[in-house]
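Following: one structure in structure tokens, then a few remarks.
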Amino acid sequence: MNTITSMKSLKELSERTKKDNQKYSKIVTLCAGTGCQASGCSSIITSLHEELKHKGLTEKIKIRTTGCHGFCEQGPLMVIEPENIFYSFVKPKDIPEIVSETLSKDKIIERLLYTDATSGKKITYERDISFYKSQNRTVLEQNKLIDPCNINDYIAQGGYSALVKVLTKMSPEEIIQEIKESGLRGRGGGGFPTGKKWEYCRNAEGSPKYVICNADEGDPGAYMDRSVLEGNPHAVIEGMLIGAFAIGAKHGYIYVRNEYPLAVKHSKIAIQQAEELGLLGKNIFGTNFSFDIKIVRGGGAFICGESTALMASLEGKVGEPRPKDIHTTDKGFNDLPSNLNNVETWANVPFIIKNGASWFASKGTAKSKGTKIFALTGQIKNTGLIEVPMGTSLRKIIYDIGGGSATGKRIKAVQTGGPSGGCLPEELFDLPVDFEALAEAGSMVGSGGMVVMDESTCMVDVAKYFLKFLLDESCGKCVPCRVGLSRMLEIIDDITKGKGTEEKMELLKETAETVSIASLCALGKTAPNPILSTIKYFQSEYEAHIKDKRCPAGVCRELIHYSIDEDKCTGCGSCLKACPHGAISGEKKKSYRIDDDQCEKCGICKEVCKFNAITIS
Amino acid sequence: MNEYVTLTINGSKVKTPQGTSVLDAALSYGICIPHLCHMPGISPIGACRLCIVEVVKNGKSKVTTSCTLEVEEGMVILAHTERILKARKNIAEMLVAEAPNSRAIQDIALRCGVKEVRYPFRNKDCVLCGRCVRICAETWQSKSLGFVGRGSERHVALPFDKRPEFCKQCNDCINVCPMTITPCPGPMKKGEEFFCGLCESQLSMAENIVDTCVDCRLGEGFNCLRAKNK
Ligand SMILES: Cc1cc2nc3c(=O)[nH]c(=O)nc-3n(C[C@H](O)[C@H](O)[C@H](O)COP(=O)(O)O)c2cc1C
Ligand code: SF4
Ligand code: SF4
Ligand code: SF4
Ligand code: SF4
Ligand code: FES
Ligand code: FES
């Protein structure tokens, strides 16, 4: 391959790829992201290749395997262009029909269409699906247009033109100014202004300097960074190149979570392809700017995503945070100036350079600009990865994109920001999702987790769950976090068992305050959020547990009792057989009873009873 | 040359060589900031969090540990605001509940104003202050001790749980450990722990003037830099 040395040669390559694509009458986009792989897309890809070969259609129809489209729950999914036909839950046995009907005769196969979760209607085109329609995608949008293992696809989408622009037309100071004006803030959790961080690092003394991409993503349920790195690695690489040029860095690292093999593979391929084209490595673009990127696999702990712990881990030390009285932009990796940004932050950079700071700043709120990717999960109809402008209301996300409650029960809360975010009640669903608004309400944007909960959820139990996660992930270095969180868990565990007291509740609050003020790193500082926010907004649930020894949602095992409604029980005896603890007694055809002392509250009897006779109180 | 910097701690002007930590600067001026994991001349780790202070900059204040914070010209430090005192007292309470069998920790809790311990005692024999680990690595260049495990499993260990050949047998790890001296009433058995508070008489002086060093003798218990240098 020839290296690219001018805007002209980049444009030529882009045009050539576009022309190549125009040769085909259809392009079949198949998602090959981790989510769709789990639901079996690999065999579909193979079958489609074989079927097209068999039918002699390989010249006419192109298969593009891409990264995640965000709607993984419908996977494996397929989009047929130019029509934009959307097929979900595709199976290998559907392939011959898809080829002979849709690809050859333009006939829609009803059964493979997506059914709108709210209206129950079949929807033919991807663009009409409400999950997608209500979003505003920039970074995620490219995923379905690009084969991540083919740099030409990225270039055909305008890729690397931002790099060429900065190398030929902009000074480092101008780039930093542009990023500052765009208002881009870190997508990894802290929301620190990116341009300002770059400037600190550029002005720091010491050489060489480093830029690092944080792809550690340890939050349970989060996969936005995985999807971006898997689906569009070149956007991250281009962002890092631009950052490195602006900062004056020579070397870069992508620190990837160990459990992300596909992201590692795709970034490796991408790095190699960029090097072959002369877009990465020595004397990039024929200039005297040189930059290389290495991939390092993470230490496997949540805490390794914290900036100082990540850098310690990169150095081969134990991944443990250190006090940040000296910033990592001054002394980071190997005690040298290091600029760490999140995957999504880096991926936004090329778009800002290409489209201008004001384009980016036109979306969002006064202090939170651009769009942000969220992982929407929980008890709602549509779950998946979404990208919306900052400032979009929680209500819009939950009801328009998420389609509202999946169970028919009232939605009562949303937990935002990952494990150390807060739980916000329904009354606050009109809040705009931006850094300040969520922080003021006691939660945070964080890395973008969003878990929607309906009435069947006990908020005390939820708080306990997150607290336990964070305690397990605490590195154990400092007292407030290691000891304080374990004390908080002790107290909240007692509450869920009906052993809570008002004095202990006060102690819980006081300990939470201490942990958030005094902990060494942000894990400890934010860990009390789930507790403090549930106390603030769901006080009555705590009171019910403490004063009435009652769990209103019927979740906390020590506080609930199973019994059999005599009127409904037909005496079938299924529960007796099913109960693994021998807690049920009675005679056939007569009514059965549950012995409270022997009942372990496993809920199996309730599942097997066909007459809905088992009740929880 | 600009070898000295001037800062204010609790309103007092303090002049100190560049490179000093705020904690050392405060102690040398007789301003008591309770501390446990810090040792003079040894690199700080910021683990116990007792030495937290507020740094005021551009009208905003940030909480950080004074042992890890280097002095800067014009710095404004508030070491004993209400918020700090409350959190510090709570940390001391946590510590004494973890390790009531340490004279040093009992003393610190008293100095921080703890009156009762509301957490059930755990009676551990190490509070992970890392004093032993660091004195071994830094003063003796031996690295015979290290932290192993994460979170609740974190503990201090010898390589392969055996005293290595490169151990200098200096016993400094024991000398600096806050756990080696039991509280005055003697070792406390499991289930019989209590908050000692016997030295309270000494403290009556300090109660109303928290920010002043009163050469409290308690300092000996926790290797207070000032008490040691006397
Ligand atoms: C416990 C903990 C875990 C973190 N994990 C991640 C992570 O997985 N990915 C990430 O980008 N940032 C993570 N962060 C935030 C980073 O410390 C850092 O702020 C971020 O990577 C900076 O990039 P940004 O400014 O682009 O957001 C974590 C922070 C903490 C305290
Ligand atoms: S706050 Fe928690 S995770 Fe952070 S350094 Fe302290 S113990 Fe470790
Ligand atoms: S809840 Fe479980 S243990 Fe209790 S009666 Fe039903 S099946 Fe038996
Ligand atoms: S053994 Fe003693 S000195 Fe070492 S960490 Fe534990 S308490 Fe500190
Ligand atoms: S001697 Fe006592 S009062 Fe003085 S600095 Fe040490 S601990 Fe504080
Ligand atoms: S992995 Fe296919 S849509 Fe997410
Ligand atoms: S003395 Fe500063 S954190 Fe322990």
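Numbers restart at 1 for each chain; the letters A, B, ... are given by sequence-line order, proteins then strands.
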* Report the distance from atom OG of Ser12(B) to atom OH of Tyr29(B), rounding to the nearest 0.5 Å. => 9.5 Å

* Asked: Please walk me through it: do Glu98(B) and Arg487(A) pass salt bridge (Lys or Arg N to Asp or Glu O under 4.0 Å)?
  -> CA-CA 10 Å; Glu98(B) 289 290 290; Arg487(A) 293 305 189 178; 3.6 Å; yes

* **Engaged part of Glu473(A) at the chain B interface, taking heavy atoms whose separation is under 4.5 Å** => both

* Checking heavy atoms, do the side chain of Arg154(B), its backbone, both or neither come under 4.5 Å from chain A? -> side chain

* Asked: What part of Ser152(B) gets closer than 4.5 Å to chain A, counting heavy atoms only: side chain, backbone, both or neither?
  -> neither

* Structure fact -> Value for CE (Met488(A)) from CD (Glu510(A)), rounded to nearest 0.5 Å, stands at 12.0 Å

* Asked: What part of Ile84(B) is in contact with chain A, defined as an atom under 4.5 angstrom from a non-hydrogen atom: side chain, backbone, both or neither?
  -> neither

* Decide if the gap between the ring center of Phe469(A) and the ring center of Phe302(A) is smaller than 6.0 angstrom. => yes

* When you look at Asp107(B) and Arg111(B), which way does the salt bridge (Lys or Arg N to Asp or Glu O under 4.0 Å) test go after all the steps? -> CA-CA 6 Å; Asp107(B) 287 359; Arg111(B) 185 73 178 90; over 6 Å; no

* Structure fact -> In terms of heavy-atom pairs under 4.5 Å with chain B, the winner among Gly484(A), Cys481(A), Ser486(A), Gly319(A) is Ser486(A)

* Asked: What heavy-atom pair brings Thr514(A) and Pro480(A) nearest, and what distance separates the two atoms?
  -> O-CB, 4.5 Å

* What residue, out of Thr65(B), Val63(B), Asn90(B), has the most heavy-atom pairs lying under 4.5 Å from chain A? -> Asn90(B)

* Asked: With a 4.5 angstrom heavy-atom cut-off, which part of Pro120(B) approaches chain A: side chain, backbone, both or neither?
  -> both

* Among the options Lys324(A), Glu513(A), Glu490(A), Arg322(A), pick out the one with the most heavy-atom pairs lying under 4.5 Å from chain B. => Glu490(A)

* **chain B contact via Ser519(A) - which portion, at a heavy-atom distance below 4.5 Å** => backbone

* Pairwise distance CG(Leu69(B)) to CD1(Ile77(B)) - rounded to 0.5 angstrom -> 5.0 Å

* Quick one: what part of Ile52(B) sits under 4.5 Å from any heavy atom of chain A, side chain, backbone, both or neither? -> side chain

